[in-house]
Amino acid sequence: RKEVEQDPGPFNVPEGATVAFNCTYSNSASQSFFWYRQDCRKEPKLLMSVYSSGNEDGRFTAQLNRASQYISLLIRDSKLSDSATYLCVVNRDDKIIFGKGTRLHILP
Amino acid sequence: SAVISQKPSRDICQRGTSLTIQCQVDSQVTMMFWYRQQPGQSLTLIATANQGSEATYESGFVIDKFPISRPNLTFSTLTVSNMSPEDSSIYLCSVEEGETGHTYEQYFGPGTRLTVT
């Protein structure tokens, strides 16, 4: 079983809709969690860290569920510019482990 | 966050040759890393570049193939040696920033797209 798993998608979502995706991690000792965004042929960019209590940044909400070992990302009022691959990242014992990413296409 | 640049941004190389990729950061950082991202795949950590000592390599990566230098806290190089087509990939430098007791976050350079023919 992979340590970090994501649905590869693609998620095709109309502009303005709300979309959510999850990421599961297998090691309960994982300590910190992040969502990165990667545009085609570009480097990953940090979208947001995920805190235990959940956190929100504008249209983006991240949640952590330690009991079920998953993190989620919710995007409200999606924009065309949200089209990208979203990478789930888990930090365990100072090792950073990347998921393969979920591709999101926002449709006009 | 730190501003990270990489050179070259892309290159096409012949098999059997070597390429050195440079990573420059605009501030001093303790932790620098080198990653590889093959087409359609996620990022794989190659090694941690340690200032003043040998790099720490991940399983499956060795110093003879991927020698790394870290002469100071703002610069590192990764060499891809004796290249084969399987080395065609994007190579990314990253740095870690954060405060003690808080979450450390990673930031990436723009990457070097390598094609080996």
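Keep in mind it's a predicted model, so treat the numbers as computed, not measured. Proteins get letters first, then strands, A, B, ... in listed order; numbering begins at 1 in each.
A single hydrophobic cluster is not seen to contain both Tyr57(B) and Phe98(A); linkage of ILVMFWY side chains at heavy-atom distances under 4.5 Å, directly or through other members, places them apart. A continuous path of ILVMFWY side-chain contacts below 4.5 Å connects Leu73(A) to Val13(A), so both sit in one hydrophobic cluster. Neither Phe33(B) nor Ile46(B) shares a network with the other; the hydrophobic side chains, linked directly or stepwise wherever heavy atoms of I, L, V, M, F, W or Y lie under 4.5 Å apart, form separate groups for each. Criterion: ILVMFWY side-chain heavy atoms under 4.5 Å apart, direct or through other members. Under it, Trp35(A) and Ile106(A) are part of a common hydrophobic cluster. In the hydrophobic clustering of this structure, Val29(B) groups with Tyr107(B); members are Ile, Leu, Val, Met, Phe, Trp, Tyr whose side-chain heavy atoms approach within less than 4.5 Å, directly or through other members.
Interatomic distance, NZ of Lys2(A) versus OG of Ser42(B), reported as 10.5 Å (0.5 Å rounding).
Between Glu43(A) and Gln37(B), the side chains place no donor N or O within less than 3.5 Å of an acceptor N or O (distance only, hydrogens not considered).
With a 4.5 Å cut-off on non-hydrogen atoms, Leu43(B) touches chain A through its backbone and its side chain both. When heavy atoms are compared at a cutoff of 4.5 Å, Gln38(A) approaches chain B solely by way of its side chain, counted from C-beta outward. Looking at Gln106(B), both its backbone and its side chain come within 4.5 Å of chain A, counting heavy atoms on both sides. Within the 4.5 angstrom heavy-atom criterion, only side-chain atoms of Tyr35(B), from C-beta onward, approach chain A.
Residues that satisfy the ring pair (Phe, Tyr, Trp, His ring centres under 6.0 Å) test with Phe61(B), not counting sequence neighbours, are Phe66(B).
Between chain B and the options Ile97(A), Ile96(A), Val89(A), heavy-atom pairs under 4.5 Å are most frequent for Ile96(A).
Within 6.0 Å of the CG atom in Leu107(A), the count of heavy atoms belonging to other residues, nucleotides or ligands exceeds 12.
At least one side-chain heavy atom of Glu105(B) sits under 4.5 Å from a side-chain heavy atom of Ser49(A). Within the 4.5 Å cutoff, the side chain of Phe108(B) has no heavy atoms near those of the Lys45(A) side chain.
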